[in-house]
Structure formats: structure tokens, C-alpha cells
Amino acid sequence: MSTYNFDYLDELEAEAIHILREVAGQFEKPALLFSGGKDSITLVRLAEKAFRPGKFPFPLVHIDTGHNFQETIDYRDKMIKRIGEKLIVGSVQESIDQGKVVEQKGKNASRNALQTVTLLDTIAKYEFDACIGGARRDEEKARAKERIFSVRDEFGQWDPKRQRPELWNIYNGKIHKGENVRIFPISNWTELDVWNYIRRENIELPSIYFAHEREVITRNGQLMAASPFLNMDDEDVVFRKQVRFRTVGDMSCTAAVESEATLIDDIISEISESKISERGARMDDKVSEAAMEDRKKGGYF
Amino acid sequence: MNILKFFTAGSVDDGKSTLIGRLLYDTDSILADQLEALQNSNRKNDDGTIDLAILTDGLRAEREQGITIDVAYKYFQTDKRKFIIADTPGHIQYTRNMVTGASTANLAIILIDARNGVVEQTIRHSYLVSLLGIKHLVVCINKMDMVDYSGEVYNSIIDKYKVLAQQLKLAAVTYIPVSALKGDNIVQNSERMDWYEGESLLHFLEQVDTDNLDKSQLARMPVQWVIRPQTDELHDYRGYAGRVLSGTFKLNDRVTVLPSGASSTIEKIEFFDQTPDAAHAGQSVTIHLKDDVDISRGDTIVNASALPQASKLIEADLCWMDGRALDTSIMYLIQHNSKVTKCKISEILHKVDINTLEKHPADEFKLNDIGRVIVKTADALAFDLYDDNRANGSAILIDSRTNLTVGALMFRAAVE
């Protein structure tokens with residue numbers, strides 16, 4: 001028996017690289033969906049490990065809700081420059097302007113649901129047959145059942161009852177024209193694994209992940225960043241607070257958590273002790289017990 | 001710290017979801033908002049406590065019917081290990097899901113209801129553990145609270161099970177009396193069963209050494225992708241990217257490329273910005289060879305001194321996974337690691353009644369059927385026998401009409 005150091009992060013990393021290379025080998029026109037969040041940033045590092053010194057065999061695709069944190073967009077542009085890969089932007093604002101979707105109204109309005117349409121349009125326009133995403137099975141219980149290669153029909157829908165068996169480390173990416181496959185290389189990672197990996201690899205992140213002072217309001221018991229994208233009225237009191245964000249989504253649906261964590265070590269100890277799971281800070285999951293399952297069936301990531 | 005992947009077999013009535021829920025709950029792996037959602041749910045135990053099974057029943061249909069339809073993956077960790085649980089359904093109509101969950105596991109947990117002892121489904125689940133070549137098995141005698149924590153009941157059940165284990169050649173079996181509902185012997189050793197001198201389930205899972213039994217020494221790497229930057233400065237760069245399935249490749253090792261049979265020597269091993277001297281099982285690396293040989297995706301690089309089988313005619317165990325029955329007259333696709341080729345099931349040798357373990361001659365193969373077949377492939381596959389090397393001894397069947405994965409194959413012999 002040879003001995004070598006191969007710990008859990010190495011194993012998760014090797015599995016993800018294997019999956020990314022399967023995508024390269026099995027698909028004609030894959031894409032990597034990049035949100036600017038830590039999970040997709042991790043995917044970019046994994047893709048570098050899978051394909052360097054060659055180019056990525058896919059472009060990065062960002063579905064831009066128009067309600068992003070500016071810090072995320074700045075980070076995105078800087079990163080693209082550094083890695084020298086192609087970026088395609090799908091714009092939710094464009095979908096609204098074209099009348100394909102209608103902006104939600106009311107206090108809890110968000111563009112989270114609208115991005116599904118823009119995503120499906122972008123997939124159709126560029127004829128992507130595989131879209132790599134940073135979803136993880138520990139995020140939510142519908143995701144806990146999703147395959148690593150998750151086939152969507154031509155309407156972008158996930159059918160949980162018709163999932164293909166996924167055996168050993170063999171991934172079946174065969175599809176009919178019009179279908180596409182969502183691919184989740186970090187399915188088996190937990191939030192803590194991602195953070196530990198980011199620390200180990202010394203990966204730079206958008207600044208909103210770290211504690212900073214900003215103007216917030218309280219909405220449904222959670223702290224939301226005050227912004228022009230949030231429908232606010234006289235009842236909403238704006239105040240300043242030291243916060244950070246655990247996920248990076250739309251400004252209108254991503255809640256902040258109170259935090260003093262300015263360094264990655266602080267964040268890791270904060271998460272290790274945290275009593276609120278990561279998706280607990282997402283308003284979009286709270287609608288019903290089956291909220292995520294319903295959105296996935298409709299084509300959401 | 002390393003990872004232990006295990007799967008749990010048992011039906012709803014055995015308290016399988018409760019057991020997993022208990023492991024998560026007692027290791028503080030349930031977070032506040034998930035707990036809140038649990039407490040707000042309408043499902044409670046008779047005594048009003050939280051029904052821990054809800055934690056693992058993810059899909060709406062499952063919540064409505066109170067059963068586990070699909071494989072759900074759950075994660076938790078302790079100071080010692082990271083755990084990945086494949087929670088699989090136990091009903092016979094979900095045999096394929098169980099095979100799926102078991103295929104990536106290093107360890108299996110089988111649940112036996114202490115009131116009922118070894119029953120038909122215990123035999124079925126144990127057979128699948130043996131079929132899928134899982135080397136470590138924990139048999140949990142559950143619901144000990146319902147039999148007054150009786151050591152006699154426990155002993156009579158494990159005596160019966162030992163006969164089955166021998167029949168199925170299950171090597172490393174560990175027995176633990178538990179109550180998932182009450183938490184006995186799950187995380188902490190139970191005070192209510194002082195006659196039991198073994199470890200609690202979690203303690204066992206933290207300690208069990210899976211490396212020695214699971215790892216094959218045969219050096220194998222299927223090529224997934226050829227890295228060719230074709231830039232001015234890297235004009236002649238040609239790296240073979242893949243994950244080492246088993247064994248170890250070292251610099252200057254003589255290797256053979258299959259199916260062509262071409263030989264060369266390892267010139268360089270790359271891992272991103274590192275150039276290690278060796279690549280070990282599980283690692284995803286890029287290999288450079290000294291000679292200019294023709295290699296593409298689907299080829300396998302192997303150690304020249306330990307060649308795999310190479311054959312177009314293979315005897316294999318098949319688990320059928322599709323609603324449409326096997327058709328021996330049509331061609332399927334077979335995917336063996338990164339290699340895909342056409343194939344036919346040229347002969348059905350027998351089918352196994354997985355409740356009684358009896359073998360029957362058969363001319364049809366339907367959903368959840370398991371048995372022995374002969375596979376005839378268009379291109380030769382470079383494979384090992386499943387029991388010697390799980391990663392290089394397995395393949396899937398794809399129906400090219402639907403593109404669905406319709407079968408799982410475990411290679412048992414090359415046919416001369």
C-alpha cells in the first residue's frame with residue numbers, strides 16, 4: 001500500500017475535475033453558468049485545474065438580473081480579464097424590455113423568478129447542450145435528490161420522477177436535440193467544504209462576502225440591503241449595520257446576516273457555529289415546503 | 001480527515017429515515033431554520049416529538065406517500081470524518097434506486113426490525129450489498145425499544161443473519177443493536193443495553209478503515225480529454241487528462257495504451273501548477289508520455305506489467321433499470337468509464353429471484369430484474385473483473401432510442 005496525502009478536499013476536488021472533463025468530452029456546446037457567487041467562483045478554479053494550460057472548452061455565461069450588487073459585477077469583469085476566457089451575458093432587463101417577462105409588483109418583488117426565462121432564452125440562442133452550475137445537494141432537500149448530470153427537457157423542466165440512474169462515476173450525457181443537461185460538479189460539497197477550499201486555494205471573493213457596514217432595512221424578519229431595486233415605503237426604516245452576505249443573488253432577494261467576520265477564518269468559524277443554514281437567508285425558498293422543487297421543475301437552476 | 005460514503009437499506013417500516021434523521025440530529029447537523037421547518041410540519045410521532053424521517057424525504061410525492069422514492073444524499077461531519085449518506089428506498093419496486101445508491105458507497109447499513117428478524121427484504125438488501133461488492137456491512141437491529149432491549153432477541157437475529165452472510169460471502173459484517181427512535185447506540189452507547197459491548201454506530205463509522213479493502217493496486221487511467229493548447233509557446237504540448245481509477249502511476253513507468261496496445265513511458269505528471277512524481281487512485285491529473293502515440297478520449301492508460309482483460313464478449317451481472325424490458329434483438333450503447341461503444345445482450349444465462357436467491361433460466365428482463373448475461377461489444381473493452389477492481393469492472397447500458405440509462409453491468413469474466 002502506498003501512502004499519500006489525499007484528504008476530503010482533495011477527493012472532492014478530484015471528483016469535480018473528473019466531472020468537468022466529462023462535460024468537455026461528452027458535449028458539443030457546453031457553458032459554465034457564472035453568478036459571481038462563491039460556488040461558481042470555485043467552479044472557475046476547478047476548471048483551471050481541469051484544463052490548463054489549455055483554454056476552457058466552454059464560455060462563462062452570466063444571467064444578469066440587473067439587480068446585482070455592483071461588487072459582484074466588478075469582480076466578474078476583473079476575473080474574466082485575469083483568466084482570459086469568453087463571457088456571455090444574458091440580460092433579464094432585455095427580457096423585460098422585449099415583453100417576455102413582466103416585472104413583479106409589491107413589497108416582495110424580485111427578479112429571481114424572471115431569470116429562468118432569460119436563462120432558457122440564452123441556452124436556446126447559443127444552442128448550449130450542457131450548462132455547468134454550482135448547486136450543491138446540501139443546500140435544500142429537492143437538490144439532495146438531483147443527479148450530477150441532470151437532464152432538462154426542451155422546456156427546461158426537471159422531472160424528478162424520470163431521473164436517470166447515476167451509477168459509479170459514470171455519467172450519461174446522451175440527449176435528444178433541444179434537451180440540455182445541467183451539470184453540478186460540486187454536488188457533494190457542503191457550504192463549509194466550499195469555504196475551506198477557498199481558504200486553501202487562496203481564492204479571491206467579491207467583498208460583500210465579508211463583513212462591512214451598509215444601509216439595510218428589516219423585511220420579514222431579515223436584513224435586506226437598502227437599494228433602488230427594493231420596493232420600499234414609509235414603513236421601512238433604513239439603518240446602518242455591520243453585515244455580510246452568505247450567498248450572492250439578486251439585491252432584492254438576498255438577505256444579509258449580522259456579522260463581524262472580515263477574514264475568511266472568521267467566516268469559517270462563523271459558519272461552523274451558525275444556527276441558520278445558507279438558504280435560510282434566501283426569501284425565495286420560504287414560500288412553501290416544496291418551493292425549490294417547483295422552481296426546478298419550471299427550469300430554474 | 002477523509003470521506004466515508006455509505007448507503008442505508010431498509011424499508012419505511014424499519015425506521016431507516018428515522019435512523020438517518022437521528023444521525024443528523026444527534027451530530028448537530030440540522031440547522032435552526034431546517035429544524036423550524038420540521039417543527040412546523042404536521043407530521044409528528046405518536047408522543048408528539050419531531051418526526052426525524054421528514055429530514056430525508058425530499059420530494060413532494062414522497063412526503064405525500066410517506067415513502068422514499070429516489071436516492072437522497074445527505075452530508076454531515078464530525079471531528080474525525082466527512083460522511084456522505086445515500087438514502088435509498090427499500091421497496092422491491094425501487095431496487096434500481098438502491099443499486100444506484102450502493103454503487104458509490106464504501107459501506108452499507110442494513111436495518112432489521114427487531115420484532116420481525118431476518119425477513120425477505122433483508123435477504124434482498126444483503127444480496128444487493130454482495131452484488132455491488134460493498135466490502136463493509138453494518139447490520140443494525142433496530143427498534144430494540146420495542147423488544148425490551150432484549151439481548152436474547154438480538155442474539156437470535158444475528159445467529160440467523162450469520163448464515164445468510166456466509167451464503168452471500170459477506171466478509172466484514174458488524175452487528176449493532178439500536179433504537180433510532182430513542183437514540184440508543186446511534187451516537188452514544190446506550191445505557192439500556194449493557195449486555196452489548198461493541199461501539200455505537202457513529203463511533204464505528206468514524207473508525208472503520210475502508211482503504212485496505214476497497215483499493216485495487218492495478219494502475220488504470222481512462223483518458224477523458226486531450227489537452228492541446230496549440231499556442232506558439234506550447235506548440236508540442238499534449239497532455240492526457242483523466243482520473244486515476246486505481247493503483248499508482250509513477251514517472252518512468254512503462255505503460256500500455258488500450259485498446260491499441262501501444263507502449264510508452266511516463267515522462268511527466270501534471271496537476272495544475274504541480275508536477276508530482278506519482279499519481280494515485282482517485283486523483284485527477286494530466287499525464288505526458290515520451291512517445292508520440294495516438295491517444296484519444298475513451299482509451300485507457302494502464303501499467304504495462306498488469307494488463308486488464310480485453311474482450312468483446314463479457315459475462316456480466318445485469319440490473320435492469322428501465323420500464324421498457326430488455327430487447328435482446330436490438331443494439332444498446334455501453335458506457336465503460338469514458339468509452340462508449342455499441343453492444344448487444346447476446347444471451348441471458350439466468351435471472352436471480354432476489355428474495356430467495358434462487359437462479360432461474362429466463363428469456364426476459366424487466367424493471368428491477370437482476371441476473372447473469374453475456375454482453376457482446378462492438379469495440380473491445382479494457383476492463384477488470386468487478387470484484388478485483390470495482391471502478392474498472394462496471395459499466396452502464398444506454399437505450400439509444402430514449403438515451404436513458406437502462407442497465408447496470410458488473411463484469412464477472414471475459415468469455416474466451
Side-chain angles (χ1 to χ4, degrees), chain A residues 1-2 4 6-8 10-18 21-22 24-25 48-55 57 137-138 140-145 151 160-172 174-176 179 187-190 192-193 274-277 279-280 289-290 293-294, chain B residues 1-3 31-34 37 41 55 58-61 63 69-75 77 82 84 96-97 99-100 103-104 211-212 215 224-225 227-229 234 237 241-243 248 271-272 278 280 282-284 297 321 333 335-338 390-391 394-396 398 400 403-405 408:
Chain A
M1 225 22 228
S2 59
Y4 60 101
F6 193 58
D7 84 346
Y8 76 106
D10 295 321
E11 188 172 340
L12 292 171
E13 176 187 62
E15 177 183 68
I17 293 170
H18 173 250
R21 287 168 170 173
E22 281 305 290
E48 290 182 286
K49 293 205 174 189
F51 302 112
R52 292 291 184 241
K55 298 281 276 183
R137 286 172 177 155
D138 80 319
E140 207 280 333
K141 54 190 180 180
R143 284 196 165 155
K145 307 223 161 181
V151 179
K161 286 198 182 146
R162 292 205 46 203
Q163 296 203 88
R164 296 173 182 178
E166 199 159 78
L167 295 123
W168 299 290
N169 296 312
I170 307 175
Y171 303 101
N172 170 8
K174 291 261 181 301
I175 48 170
H176 294 294
E179 294 175 333
S187 286
N188 286 327
W189 300 41
T190 61
L192 195 56
D193 296 335
S274 173
K275 290 294 169 208
I276 294 187
S277 74
R279 288 206 82 85
E289 206 181 346
E293 185 181 339
D294 290 343
Chain B
M1 189 160 82
N2 63 5
I3 303 178
L31 299 164
D33 55 330
Q34 294 168 339
S41 165
L55 283 169
L59 302 176
R60 180 176 278 174
R63 284 193 296 280
I69 295 172
D70 209 327
V71 186
Y73 296 91
K74 286 280 157 190
Y75 304 83
Q77 71 183 63
K82 178 181 161 75
I84 302 179
R96 65 168 175 166
N97 305 77
V99 169
T100 302
S103 71
T104 52
D211 279 5
N212 290 330
K215 292 220 172 98
Q224 295 181 267
W225 182 249
I227 297 177
R228 294 198 63 195
L234 293 167
Y237 184 103
R243 191 174 189 193
T248 299
F271 179 60
F272 193 45
H280 303 278
Q283 295 180 324
S284 286
R297 176 179 164 82
M321 304 191 140
L333 294 172
Q335 186 172 349
H336 172 244
N337 296 312
S338 60
R390 199 171 164 192
S394 49
I396 59 169
I398 299 167
S400 44
N403 290 327
L404 294 176
T405 301

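Fair warning: this is a prediction, and the values are worked out from it, not measured in the lab. Numbers restart at 1 for each chain; the letters A, B, ... are given by sequence-line order, proteins then strands.
Between A:His18 and B:Gln224, the shortest heavy-atom distance links the atoms O-NE2, 2.8 Å. When all heavy atoms of B:Ser103 and A:Trp168 are compared, the closest pair comes out as OG-N, 2.8 Å. A:Ala14 and B:Gln283 make their closest contact through CB-CA, 4.2 Å (heavy atoms, listed as atom of the first residue, atom of the second, distance).
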Criterion side chain to side chain contact (heavy atoms under 4.5 Å, CB included) on A:Ile17 and B:Phe271, from CA distance to verdict: CA-CA 11 Å; A:Ile17 293 170; B:Phe271 179 60; 3.8 Å; yes
Go through it in stages, so that I can follow the logic: the residues are B:Met321 and A:Arg164, the test is side chain to side chain contact (heavy atoms under 4.5 Å, CB included), and I'd like the CA-CA distance, side-chain angles, deciding distance and then a yes or no. CA-CA 9 Å; B:Met321 304 191 140; A:Arg164 296 173 182 178; over 6 Å; no
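Side chain of A:Glu11 to backbone of B:Asn2: no donor-acceptor contact under 3.5 angstrom is found. Judged by distance alone, with hydrogens and angles left aside, the side-chain atoms of A:Asn172 form a donor-acceptor pair with the main-chain N or O of B:Asn403 at under 3.5 Å. With hydrogens and angles disregarded, a donor-acceptor distance shorter than 3.5 Å links the side chain of B:Gln335 to the backbone of A:Tyr171.
Most heavy-atom pairs under 4.5 Å with chain B, from the set A:Leu192, A:Asp193, A:Val151: that is A:Asp193. Ranked by heavy-atom pairs under 4.5 Å with chain A, the list B:Ser394, B:Ser338, B:Pro229 is led by B:Ser394. Note on B:Arg96, B:Arg228, B:Gln77, B:Arg297: by heavy-atom pairs under 4.5 Å with chain A, the leading option is B:Arg297. When B:Val99, B:Leu234, B:Ile396, B:Leu333 are compared by the number of non-hydrogen pairs under 4.5 Å with chain A, B:Ile396 comes out ahead.
Within the model, atoms CD1 of A:Ile170 and OG1 of B:Thr405 stand 9.0 Å from one another, a figure rounded to the nearest 0.5 Å. How far OH of B:Tyr75 is from OG1 of A:Thr190: 9.0 Å, rounded to the nearest 0.5 Å. Atom NZ in B:Lys82 sits 5.5 Å away from atom CG in A:Leu12 (nearest 0.5 Å). A distance of 7.5 Å separates CZ in A:Arg52 from CZ in B:Phe272, rounded to the nearest 0.5 Å.
The parts of B:Leu404 that come within reach of chain A are both its backbone and its side chain, each placing non-hydrogen atoms under 4.5 angstrom from that chain. Neither the backbone nor the side chain of A:Lys55 comes within contact range of chain B, judged by heavy atoms closer than 4.5 Å. Residue contact with chain B, scored on non-hydrogen atoms closer than 4.5 Å, involves the side chain of A:Glu13 exclusively. In this structure, chain A has a heavy atom under 4.5 Å from the side chain of B:Ile84, while its backbone stays farther away. Interface residue A:Ala50: only backbone heavy atoms are found under 4.5 Å from chain B. Interface remark: B:Ile227 contributes side-chain atoms only to the contact with chain A (heavy atom separation under 4.5 Å).
Between A:Pro53 and B:Tyr237 the shortest side-chain heavy-atom distance falls below 4.5 Å.
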